[in-house]
Amino acid sequence: MIVLDVLTAVSMLSGAVFCVLGGIGLVRFPDVPSRLQAATKPQTVGLLLVLLGSALQVGPSGAAGLLLAALFQVITAPVLSQLFGGVAYHIGAREESTVVVDDLAERLGAPHD
């Protein structure tokens with residue numbers, strides 16, 4: 001029982017750290033594509049770790065609901081990030097000084113600024 005409690009605590013604290021780091025990146029990064037990176041990857045991993053810690057403490061029926069929440073997060077976060085990134089690219093909401101190679105401009109033609 002002690003091992004389970006320690007695993008739960010480590011998982012939940014790690015998830016909280018990932019979420020805080022993602023929030024800091026969301027505030028500190030200069031443009032929309034960078035912020036989307038900070039908003040999706042660490043937040044998703046953080047939520048999955050928190051849900052794992054919770055699943056270790058609840059019964060199988062509660063863990064099934066947490067699994068569904070994790071699955072929904074893993075499916076929707078990248079899709080929404082891709083949609084927001086495409087819109088941000090088309091309206092020009094990016095820091096040009098941070099772009100090294102713009103492969104998307106070659107595919108789409110000149111961006112709509």
Side-chain angles (χ1 to χ4, degrees):
M1 212 53 176
I2 298 281
V3 173
L4 187 64
D5 291 340
V6 169
L7 286 174
T8 298
V10 168
S11 176
M12 293 184 103
L13 286 173
S14 299
V17 168
F18 269 97
C19 290
V20 167
L21 291 175
I24 291 170
L26 191 62
V27 172
R28 300 273 322 247
F29 286 155
D31 59 352
V32 174
S34 302
R35 289 178 180 171
L36 284 174
Q37 180 78 9
T40 53
K41 293 197 188 291
Q43 296 294 343
T44 301
V45 171
L47 178 66
L48 292 177
L49 286 170
V50 168
L51 290 175
L52 174 66
S54 300
L56 292 173
Q57 294 295 318
V58 299
S61 62
L66 294 173
L67 178 66
L68 287 175
L71 182 65
F72 183 74
Q73 175 71 17
V74 168
I75 290 172
T76 58
V79 172
L80 291 174
S81 176
Q82 189 75 14
L83 289 173
F84 286 131
V87 169
Y89 182 83
H90 283 293
I91 65 171
R94 62 193 180 282
E95 185 70 33
E96 292 295 333
S97 65
T98 62
V99 177
V100 177
V101 177
D102 191 0
D103 291 330
L104 194 55
E106 296 171 5
R107 284 187 41 208
L108 298 178
H112 306 300
D113 288 334

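What you see is a predicted model; the values in this text were computed from it and never measured.
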Give every donor-acceptor pair under 3.5 Å between a side-chain atom in residues 1-19 and any protein atom, sequence neighbours left out.
| residue | atom | partner | partner atom | Å |
| --- | --- | --- | --- | --- |
| D5 | OD1 | Q57 | NE2 | 3.3 |
| T8 | OG1 | L4 | O | 2.8 |
| T8 | OG1 | Q57 | NE2 | 2.8 |
| S11 | OG | L49 | O | 2.5 |
| S11 | OG | G53 | N | 3.3 |
| S14 | OG | V10 | O | 2.7 |

Single-linkage hydrophobic cluster L48~V50, side-chain heavy atoms < 4.5 angstrom: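 No, L48 does not connect to V50 through the hydrophobic network.
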
Tell me every residue that passes side chain to side chain contact (heavy atoms under 4.5 Å, CB included) with [X], counting only those two or more places apart in sequence or in another chain.
X   : answer
Q73 : T44, L47, A77
S81 : L36, T40
V20 : I24
A38 : F29

Minimum-distance pair of heavy atoms, taken over all atoms of P42 and Q37: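 Minimum heavy-atom contact is CD-O, 3.5 Å.
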
To the closest 0.5 Å, what do you measure between CG (L51) and CG (L71)?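 Rounded to the nearest 0.5 Å, the CG-CG separation comes to 11.5 Å.
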
Apply side chain to side chain donor-acceptor pair (under 3.5 Å) to T76 and list each qualifying residue two or more places apart in sequence or on a separate chain.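 T76 satisfies side chain to side chain donor-acceptor pair (under 3.5 Å) with no residue once adjacent residues are dropped.
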
